[in-house]
Amino acid sequence: MMINALPYVVREEKDVLLLVKGRAVERTYFQKMLVSIRELGLTKYVRLDIRWSTNMSMIYYYRSADIYVHTSLSEAFGSLTMLEAMASGTPVIAYRRSSIPEALGDAGLLVESEQELAEKILEVLYNDKVKRELSRKSYERVFRNFRLELITEKYLRLYSDLSH
């Protein structure tokens, strides 16, 4: 989805680089992605980093990104990588699917299509006020709602309520 949205972005802004970070679990998917990148003429705009990285080193990726784009359409609850990006203060754009809206709240931008994804990417890139506001909200949302201590307290209350 991000690869398909990228041509819309580069029509408006040539100074972009999409870093696809992760592990290519399924070879056919990875090959399909490479073919799409070539066919769409995006080779100079995309870098693939599918090496394993420690959790601690991931903060450098998040902090150096202008935007974190979450394209998963099915997650059990939000996404750990999305929450990590938010905790790093990186603005998030994600698809309005599954539990993503619940996890993201008003701390990011939700989209329905590749065209809308491209529009929101350009909005964040071109509007420093929007970028700063999303960065602040992302960070605050994670630390207000998803800290380990808070989650632990909620589970303890739930177990206590269930035992009575």
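All heavy atoms count here, side chains included; hydrogens, waters and symmetry mates do not.
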Minimum-distance pair of heavy atoms, taken over all atoms of Y61 and L19: CD2-CD2, 3.5 Å
Atom CG of D15 with >12 non-hydrogen neighbours under 6.0 angstrom: no
Test side chain to side chain contact (heavy atoms under 4.5 Å, CB included) on L18 and Y45; report intermediate values, then the result. CA-CA 6 Å; L18 169 63; Y45 300 107; 5.9 Å; no
Do K120 and I67 come close enough that some side-chain heavy atom pair is under 4.5 Å? no
Locate the shortest heavy-atom distance separating K44 from L17; write the atom from each residue and the value. O-CD1, 4.4 Å
Take atom OH of Y62 as the centre, draw a 6.0 Å sphere, and report whether it contains more than 12 heavy atoms from other residues, nucleotides or ligands. yes
Any side-chain heavy atom of F146 within less than 4.5 Å of one from R141? yes
Please give me the minimum heavy-atom distance between R51 and K21, naming the atom from each residue. O-NZ, 2.8 Å
Just checking Y60: does its OH atom have more than 12 heavy atoms from other residues, nucleotides or ligands closer to it than 6.0 angstrom? no
Would you find more than 12 non-hydrogen atoms of other residues, nucleotides or ligands less than 6.0 Å from R47 atom CZ? yes
Using the rule given for side chain to side chain contact (heavy atoms under 4.5 Å, CB included), can you reason through E114 versus Y95, listing the C-alpha separation, both sets of side-chain angles and the distance that settles it, and then say yes or no? CA-CA 9 Å; E114 292 163 356; Y95 276 83; 3.6 Å; yes
Check L117 against M1 and note the closest heavy-atom contact, atom names and distance. CD2-O, 4.3 Å
Using a 3.5 Å distance criterion without hydrogens, assess whether the side chain of R96 forms a donor-acceptor pair with backbone atoms of P101. no
What I'd like to find out is whether the side chain of V16 reaches to under 4.5 Å of the side chain of V10, using heavy atoms alone. yes
With side chain to side chain contact (heavy atoms under 4.5 Å, CB included) as the test, would you mind laying out the steps for L80 and E84 before giving the verdict? CA-CA 6 Å; L80 183 57; E84 288 171 348; 3.7 Å; yes
In sequence, state the C-alpha distance, the side-chain angles, and the governing distance for N4 and L40, and then conclude on side chain to side chain contact (heavy atoms under 4.5 Å, CB included). CA-CA 8 Å; N4 292 331; L40 293 170; 3.8 Å; yes
I want to check something: taking the side chain as every heavy atom from C-beta on, are M33 and L48 in contact at a cut-off of under 4.5 Å? yes
Kindly give the heavy-atom pair with the smallest separation between Y68 and T90, and that separation in Å. N-CG2, 3.6 Å
Non-hydrogen atoms of L83 and V142 that approach each other most closely: O-CG2, 3.6 Å
